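Worksheet: the structure to be examined is printed underneath.
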Amino acid sequence: MERTFSIIKPDAVQAGHVAGILSEIEKAAFQIVAIRKMSLSKAQAAGFYAVHAQRPFFDSLTTFMSSGPIVAMVLEKPNAIADLRKLMGATNPANAEEGTIRRKFARSIEANAIHGSDGEDSAAFEIGYFFAGYELL
Ligand code: ATP
Ligand code: MG
């Protein structure tokens, strides 16, 4: 078994796509280990995306991620990290394959509906950023 971390981003929550995205995730055989609807401050969003601090889009990204409620979750299945990235589709929805969550639900390269950890180290950091051990049994 492997765990990954995912966020339904503010654009998708605001547009009423939470159930649609969770349905795609469950159809793809992920178990939801933990889930929480919440809002991020700009500083909390900056801490989460700290690896992107030097990118030109960082200020806009952290403003967007703190613009409204998100749904944070820990997902589990064999090969969860790579399988979620595949189910999400390309960062830019214009390049996302048919059948992917971003193709269906994303609006733009920034407002792209969903986040998924990109490797084992980032999954461990991101799960720990949002959830305590007692919530992950
Ligand atoms: P995520 O980390 O959210 O799962 P990703 O791994 O597909 O997405 P990253 O390169 O890690 O893409 O970028 C993080 C996020 O920053 C993107 O999902 C998107 O919301 C935003 N972003 C990435 N590139 C751009 C860009 N060129 N312009 C604006 N926003 C961008
Ligand atoms: Mg990323």
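None of these values were measured; they are calculated from a predicted model. All ligand and atom numbering here is 1-based and tracks the order in the structure.
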Determine whether the side chain, the backbone, both or neither of Arg85 has a heavy atom under 4.0 Å from any heavy atom of ligand 1.
-> side chain
Per-atom contacts, ligand 1 versus Arg102 - under 4.0 Å to a heavy atom = 1 (P), 3 (O), 4 (O), 7 (O), 8 (O), 18 (O)
If you measure from each non-hydrogen atom of Met65 to ligand 1, which part falls under 4.0 Å: side chain, backbone, both or neither?
-> neither
Does some side-chain heavy atom of Lys37 sit less than 4.5 Å from a side-chain heavy atom of Val13?
-> yes
Ignoring angles and geometry beyond distance, decide whether His52 reaches within less than 3.5 Å of ligand 1 through its nitrogen or oxygen atoms.
-> yes
Who's the nearest protein heavy-atom neighbour of atom 12 (O) of ligand 1, and how far?
-> Thr91 OG1, 3.4 Å
Anything under 30° is parallel, anything over 60° is perpendicular, the rest tilted; go ahead and classify Phe57 against His52.
-> tilted
Would Glu126 count as a contact of ligand 1 if the rule is a heavy atom under 4.0 Å away?
-> no
Using a strict cut-off of 4.0 Å, indicate which atoms of ligand 1 neighbour a heavy atom of His115.
-> 1 (P), 2 (O), 3 (O), 4 (O)
Ligand 1 and Phe64, any nitrogen or oxygen pair closer than 3.5 angstrom?
-> no
Quick one: look up the protein heavy atom nearest atom 26 (C) of ligand 1 and list residue, atom name and how far away it is.
-> Phe57 CD2, 3.6 Å
Of Asn112, Leu61, Ile109, Asp118, the one whose closest heavy atom lies nearest atom 16 (O) of ligand 1 is Leu61
Pairing of Asp118 and Arg85 as salt bridge, 4.0 angstrom limit | no
Taking the six-membered ring for Trp and the full ring for Phe, Tyr or His, determine whether the centres of Tyr129 and Phe5 are under 6.0 Å apart.
-> no
Side chains of Leu22 and Met73: closer than 4.5 Å at any heavy-atom pair?
-> yes
Rounded to the nearest 0.5 Å, the CG atom of Leu61 sits from the CZ atom of Arg55 at a distance of 9.5 Å
Do the side chains of Arg3 and Ile127 get nearer than 4.5 Å, heavy atoms only?
-> yes
Considering the heavy atoms of Gly116, write down every atom of ligand 1 situated less than 4.0 Å from one of them.
-> 4 (O)
Which residue holds the protein heavy atom closest to atom 20 (O) of ligand 1, what is that atom called, and what is the gap in Å?
-> Glu110 O, 2.8 Å
Member of Ile109, Asn92, Leu87, Asn112 meeting the side chain to side chain contact (heavy atoms under 4.5 Å, CB included) criterion with Arg102 = Asn112
Just jot down the ligand 1 atoms closer than 4.0 angstrom to any heavy atom of Met88, in number order.
-> 4 (O)
Rounded to the nearest 0.5 Å, what's the gap from CG on Leu136 to CD on Glu76? Could you check?
-> 10.0 Å
Name the closest protein heavy atom to atom 3 (O) of ligand 1, giving the residue it belongs to and the distance to 0.1 Å.
-> Tyr49 OH, 2.6 Å
